[in-house]
Amino acid sequence: GGANAVCQDSGSSQVCAWVSDGAPARYATETVYGKYSINGAGQPGQAMDTAWHYKSTTSTCTGTTGASGVAACSKDIGGATSGYRVAIDVTIGGVTAATWFTPQ
C-alpha cells in the first residue's frame, strides 16, 4: 500500500517518498516512507530526515533505511487542520522528494 508516491532523481540516486494514508482522520497515526536507491538498488543503513509542514507548525521525524532501502517514521497528526494539505519533505543521501497527505 501507500499513497501519493513521488520520486526525485539526482544523477544515479533516487529517493521515492509516500505515505500510509493520503486522507487520514484527525488524531490518526500517519507513516511516511522513503526509499533510497542508487542505480536502482536499494541502499540500507541510510539516514532519512523528514519535515512535516502543517498549517501552523513544522515537525520532524527520522528513520534509517533497511535492507531494501526503505525507511519509515510515524507521527500522530493530532488536530491537524482538516482539508489542509500537509507536505512532507523526505531527504535521504542529500536527495529530497516531497509527498503529502490531507487530513479529513
Side-chain angles (χ1 to χ4, degrees):
N4 302 341
V6 177
C7 295
Q8 181 66 47
D9 296 308
S10 177
S12 59
S13 302
Q14 182 186 62
V15 170
C16 293
W18 65 96
V19 293
S20 54
D21 187 344
R26 295 173 76 206
Y27 301 101
T29 297
E30 180 75 90
T31 302
V32 64
Y33 299 89
K35 181 172 184 177
Y36 183 56
S37 304
I38 296 177
N39 293 323
Q43 302 295 304
Q46 302 295 310
M48 176 180 76
D49 291 312
T50 70
W52 303 47
H53 299 287
Y54 292 96
K55 188 171 186 177
S56 58
T57 187
T58 298
S59 64
T60 62
C61 66
T62 61
T64 304
T65 61
S68 63
V70 176
C73 67
S74 300
K75 294 185 73 69
D76 184 325
I77 68 170
T81 305
S82 296
Y84 179 83
R85 175 171 159 156
V86 177
I88 307 176
D89 295 328
V90 176
T91 304
I92 311 173
V95 182
T96 301
T99 183
W100 75 94
F101 65 90
T102 306
Q104 293 179 21

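Everything numeric in this text was worked out from a predicted model, so none of it was measured.
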Problem - Non-neighbouring partners of T60 that pass side chain to side chain contact (heavy atoms under 4.5 Å, CB included), sequence neighbours left out - result: none
Exercise for the section: Identify, with sequence neighbours excluded, every residue that meets side chain to side chain donor-acceptor pair (under 3.5 Å) alongside D9. Expected result: Q14
Practice task
Keeping the roles fixed (side chain from S12, backbone from I38), state whether a donor-acceptor pair exists under 3.5 Å.
Solution key: no
Practice task
Using ring-ring contact (aromatic ring centres under 6.0 Å, His included) as the criterion, list what pairs up with W100, not counting sequence neighbours.
Solution key: none
Handout entry: Hydrophobic cluster membership, Y84 vs V19, 4.5 Å side-chain cutoff
Key = yes
Problem - T96: side chain to side chain contact (heavy atoms under 4.5 Å, CB included) partners, not counting sequence neighbours - result: D89, T91
Practice task
With sequence neighbours excluded, give me every ring-ring contact (aromatic ring centres under 6.0 Å, His included) pair touching residues 29-62.
Solution key: W18-Y33, W52-F101
Fill in the blank from the handout: Residues passing the side chain to side chain donor-acceptor pair (under 3.5 Å) test with T31, sequence neighbours excluded, are S74
Fill in the blank from the handout: Heavy-atom closest pair (T99 atom, A3 atom, distance to 0.1 Å) is OG1-O, 4.0 Å
Practice task
Tell me, please, which residues at least two apart from A41 pass side chain to side chain contact (heavy atoms under 4.5 Å, CB included).
Solution key: Q43
Exercise for the section: Look at the side chain of Q8 and the backbone N and O of V15, then say whether any donor-acceptor pair between them is shorter than 3.5 Å. Expected result: no
Completion exercise
For residues 18-60, the disulfide (SG to SG under 2.5 Å) pairs (sequence neighbours left out) are none
Practice task
Quick one: list whatever passes side chain to side chain donor-acceptor pair (under 3.5 Å) with E30, sequence neighbours left out.
Solution key: S20
Exercise for the section: Write out all pairs satisfying disulfide (SG to SG under 2.5 Å) with one or both partners inside residues 63-104, taking only residues at least two apart or from two chains. Expected result: C61-C73
Problem - Any residue meeting side chain to side chain contact (heavy atoms under 4.5 Å, CB included) with S82, in chain and number order, not counting sequence neighbours - result: R26
Exercise for the section: Tell me who clusters with Y27, hydrophobic residues only, linked when side chains sit under 4.5 Å apart either directly or through other members. Expected result: none
